[in-house]
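Letters A, B, ... mirror the listed sequences (proteins, then strands); counts begin at 1.
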Amino acid sequence: MSKEIEVPELGFFALIRYAWRQLTSMRTALILLMLMGIAAIPGSLIPQRITNQIAVRDLFSTNPDLAKWYDRFSLFDVYGSPWFSAIYILLFISLIGCVLPRSVEHYKAMRAQPPITPKNLSRLEHHHEFAGDAQSMERASVWFKKNRFRVRKEGNSISAEKGFLRETGNLLFHLSLILILVGVSFGSLLGMRGEAIVSVGERFVNVATSYDSLSFGKLTGEKSLPTFEIKLDKFVGQYDPVTNAPKDYTAWVTIKENGSTYKKVIKVNKPLTFGDTRVYLQANGYSPVVTVRDSQGNVALQGPIPFLPQDGNLRSIGSIKVPDAEPQIGFVSSFVPTNARTTDQGAVSIFPELLDPKLLFSIWKGDLGLDSGIPQSVYRIDTSKLEKVGLGSVKPGETFTYPEGSITLETVVPWINLQIVKDPGKSYALIGGILAVLGLLSSLYGRRRRIWVRITSGGVEVAGLAKNSAPGLEVEIENFVNAIRGEK
Amino acid sequence: MLTTWAYISNYFVYSAMAVFTISFIAHAFETAFAVRAPEAADSTEGNLLLKTLDYKRTEKSARIATAMMILGFILLLAGIVARGISNGHVPWGNMYEFSITGALAFTGAYLAALRKYDLRWLGLFVSVSVLLTLGTAITLLYRNSAPLVPALKSTWLVIHVLAAIISGGVFLLANVVAGAYLYLDRLESRGPRPGWLQRVPSLEVLDQLSYRLVAFVFPLWTFAVIAGAIWAESAWGRYWGWDPKETWAFITWVAYAAYLHARVTVGWRGRRAAWLCIFAGSTFLFNYVYVNVWGTGKHTYSGL
């Protein structure tokens with residue numbers, strides 16, 4: 001043990017004070033700051049649950065040992081992990097411990113008078129000496145006032161100071177970082193986030209059961225969902241004919257809220273707003289509208305079935321499950337909006353718009369396993385307990401008949417994925433962000449400096465001092481000297 | 001019609017490359033020929049080392065070098081504007097476009113700093129980096145003009161990307177200066193500088209310069225990140241989501257914040273500060289190259 005550290009002799013409070021002083025020291029803050037930067041790195045190299053759930057699952061199946069170890073160190077949830085939280089919480093405590101005392105100090109300094117003029121001005125920088133009289137001092141006062149210096153007149157001298165904005169900005173910047181953190185925590189404690197797929201013609205009612213996925217902050221719940229209804233009237237996706245890249249997505253909706261009904265348009269950069277809840281257009285795809293009949297011709301299933309896009313040309317996969325048929329029927333399907341006439345590759349789409357849509361499927365009968373209680377993907381069918389009946393494909397308006405019944409593709413409608421987000425903290429974060437930039441600007445560009453002027457028997461003496469040896473004082477003092485000498 | 005503009009844009013970019021090459025040659029000429037042996041060359045061993053520097057001899061090439069740099073800047077700017085016209089939107093939709101604009105920002109940062117400091121010794125390096133960037137852009141990253149994807153259709157594209165590109169240009173210039181500092185520092189620790197480096201300012205000036213560049217542009221980078229967050233809120237439904245690009249922007253921000261604190265409050269100078277500056281700048285470059293080319297996430301606009 002090092003002998004300099006007198007830990008055993010410190011009392012409990014002294015120990016705490018010691019720890020506090022260590023934590024709030026600039027060196028610790030700097031180390032924590034660098035640590036936070038380094039700690040953020042693994043989250044960009046290892047897939048994260050918050051951004052790429054699928055990649056995490058893939059890693060668990062391809063390399064389970066590594067994934068288990070990653071998981072043990074929260075490497076799939078870096079930004080919510082205990083170690084990352086520890087770093088930023090310590091950093092913010094350190095920041096508060098540093099900024100609050102400095103704010104008090106700065107407040108006092110701002111109210112205090114500028115320091116008295118030093119005895120020997122000739123030892124200071126930017127020293128000037130020239131002939132002058134009482135009038136020179138008057139002109140000096142005027143100049144200081146015009147340039148908004150704080151002044152202190154003491155006998156035959158004036159000391160003037162300017163540039164408090166630098167420290168004010170510095171403190172404002174750090175305090176606004178705290179505001180941003182408050183905004184972020186508000187958002188995660190009181191916010192909600194959910195997604196729902198809505199096909200054209202369908203209605204979304206904002207209650208928990210309408211969502212495909214929904215999560216609430218720790219301090220909020222289902223009761224916080226505002227009441228509104230969104231009916232999707234029309235959706236158009238436009239694509240570039242050369243590159244097939246999307247050009248525009250627009251959804252036309254009818255909204256019912258507080259007894260009033262109105263129409264709106266949602267675009268990717270133009271969400272809907274209901275108070276602090278916003279509704280975003282996040283993804284889209286196609287829902288084949290099918291009618292499945294049993295061998296007697298009774299309708300067993302009818303409606304749009306959302307399919308999951310697999311590539312830029314919206315080749316999609318999906319499953320059509322008919323639990324009410326006897327026996328149960330399932331279609332393992334692909335859908336292509338613009339069918340490519342290849343024979344060997346299965347379903348291939350060559351353009352994302354509905355130019356030549358085609359639904360391809362294999363038909364299975366048996367137990368779909370829907371009653372087993374094990375959650376299933378809507379887009380896939382577990383065929384282990386099923387027996388294959390046939391293979392087929394249909395275009396809109398066509399019907400395919402198989403021994404157990406028939407399937408008709410009535411039409412195809414687009415679906416959109418609505419993302420519904422409530423974030424009551426974001427305005428705090430935004431204000432924090434704006435203040436942070438303003439604070440930074442004044443702290444990095446502000447210059448604190450002092451100028452002294454004294455009338456002596458020999459004439460007038462001027463000197464100045466710039467804190468942090470900021471540049472520009474020399475020119476300023478020259479202007480000042482010219483002004484008090486009466487030269488323009 | 002719009003394709004014509006794309007061709008015009010390409011011609012401008014090629015011309016800019018030619019002009020930057022001339023600038024590069026003029027810079028190289030200047031650096032090489034400013035040194036000469038004393039007039040009365042005397043072959044005793046000691047005297048041969050006493051080479052003198054005569055920049056008057058090379059003043060003309062130095063002027064040509066800078067003039068060509070300005071011309072290159074203008075041509076490149078014209079190329080970017082023409083690309084914008086051909087696209088029908090600001091030309092920041094893929095990595096080719098980011099790269100040529102980045103090269104413009106880097107040249108611009110150099111030319112702007114040149115007005116205040118005599119940085120012509122840096123010109124050789126600047127012209128080489130710009131040429132390499134443009135060469136990579138036009139050969140590997142080139143994509144035909146295309147409409148913007150829906151997520152990019154926003155006024156924030158102009159604000160956010162412009163702020164990020166300008167910050168990047170200045171950060172990289174600060175990196176070059178810090179690199180020059182480290183190189184000279186090593187040379188000087190072994191003895192006096194060789195003749196051709198006499199012109200490069202003293203270590204203290206370089207040290208200050210890289211700090212000034214970072215301090216000047218750090219608020220802009222902060223703004224770029226915040227503008228990105230505001231945009232992400234309206235496009236993706238969250239203002240911060242630890243997308244790889246966001247994460248690295250954050251790391252860059254933290255690294256430069258650490259650099260500024262280390263200098264201003266802890267008093268780091270010289271070698272340590274220069275290394276930290278270079279580290280911070282590398283995180284920016286890494287973000288640009290790695291996340292655009294190999295990364296995943298929502299910022300996948302490189303078109304590669």
Inset, instruction - Could you tell me whether a side-chain N or O of Q282(A) sits under 3.5 Å from a main-chain N or O of W236(B), the two making a donor and an acceptor? - result: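 Between the backbone of W236(B) and the side chain of Q282(A) there is a qualifying donor-acceptor contact (under 3.5 Å).
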Inset, instruction - Keeping the roles fixed (side chain from R193(A), backbone from G237(B)), state whether a donor-acceptor pair exists under 3.5 Å. - result: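 Checked: pair present.
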Legend entry - Partner chain A: residue of P244(B), G241(B), A235(B) with the largest heavy-atom pair count (under 4.5 Å):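 The candidate making the most pairs under 4.5 Å is A235(B).
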Heavy-atom pairs under 4.5 Å with chain B are the metric here; pick the option from [options] that has the most.
{"options": "G433(A), G439(A), A40(A)", "answer": "A40(A)"}
{"options": "I434(A), T250(A), L281(A), V437(A)", "answer": "V437(A)"}
{"options": "Y249(A), Y239(A), Y280(A), F173(A)", "answer": "Y280(A)"}
{"options": "Q48(A), M36(A), K247(A)", "answer": "K247(A)"}

Of the backbone (N, CA, C, O) and the side chain (C-beta and beyond), which part of [X] lies under 4.5 Å from a heavy atom of chain B, both, or neither?
{"X": "Y445(A)", "answer": "side chain"}
{"X": "A429(A)", "answer": "side chain"}
{"X": "V184(A)", "answer": "both"}
{"X": "Q419(A)", "answer": "side chain"}
{"X": "I41(A)", "answer": "both"}
{"X": "L33(A)", "answer": "both"}

So which part of [X] gets closer than 4.5 Å to some heavy atom of chain A, the side chain, the backbone, both or neither?
{"X": "Y290(B)", "value": "side chain"}
{"X": "W240(B)", "value": "neither"}
{"X": "I226(B)", "value": "side chain"}
{"X": "A215(B)", "value": "both"}

Legend entry - 4.5 Å side-chain heavy-atom contact, D248(A) and K153(B):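 Sidechains of K153(B) and D248(A): in contact.
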[atom1]/[X]: more than 12 non-hydrogen atoms of other groups inside 6.0 Å:
{"X": "R271(B)", "atom1": "CZ", "result": "no"}
{"X": "F216(B)", "atom1": "CZ", "result": "no"}
{"X": "E474(A)", "atom1": "CD", "result": "no"}
{"X": "K264(A)", "atom1": "NZ", "result": "no"}
{"X": "W275(B)", "atom1": "CH2", "result": "no"}
{"X": "Y428(A)", "atom1": "OH", "result": "no"}

Legend entry - Parallel, tilted or perpendicular: rings of H261(B) and H174(A) (30°, 60°):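 Plane angle over 60°, so perpendicular.
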Inset, instruction - For A151(B) and V268(A), work out which heavy atoms get closest and say how close. - result: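 So the minimum-distance heavy-atom pair works out to CA-CG1, 3.7 Å.
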Inset, instruction - Could you tell me which non-hydrogen atom of K426(A) sits nearest to which non-hydrogen atom of Y239(B), and how far apart they are? - result: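 Closest pair (atom of K426(A), atom of Y239(B), distance): CB-CE2, 3.5 Å.
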So, taking the atom named [atom1] in [X] and the one named [atom2] in [Y], what distance separates them when rounded to the nearest 0.5 Å?
{"X": "L441(A)", "Y": "F218(B)", "atom1": "CG", "atom2": "CZ", "value": "11.0 Å"}
{"X": "T265(B)", "Y": "R27(A)", "atom1": "OG1", "atom2": "CZ", "value": "12.5 Å"}
{"X": "L30(A)", "Y": "L276(B)", "atom1": "CG", "atom2": "CG", "value": "8.0 Å"}
{"X": "K267(A)", "Y": "S234(B)", "atom1": "NZ", "atom2": "OG", "value": "13.5 Å"}
{"X": "Y79(A)", "Y": "T247(B)", "atom1": "OH", "atom2": "OG1", "value": "3.5 Å"}
{"X": "E233(B)", "Y": "L430(A)", "atom1": "CD", "atom2": "CG", "value": "9.0 Å"}

Inset, instruction - Tell me yes or no: between the side chains of N269(A) and W231(B), is some donor less than 3.5 Å from an acceptor? - result: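 Yes, side-chain donor-acceptor contact under 3.5 Å.
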Inset, instruction - Check whether the side chains of S44(A) and W248(B) place a donor and an acceptor atom closer than 3.5 Å, and report yes or no. - result: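 Short answer, yes.
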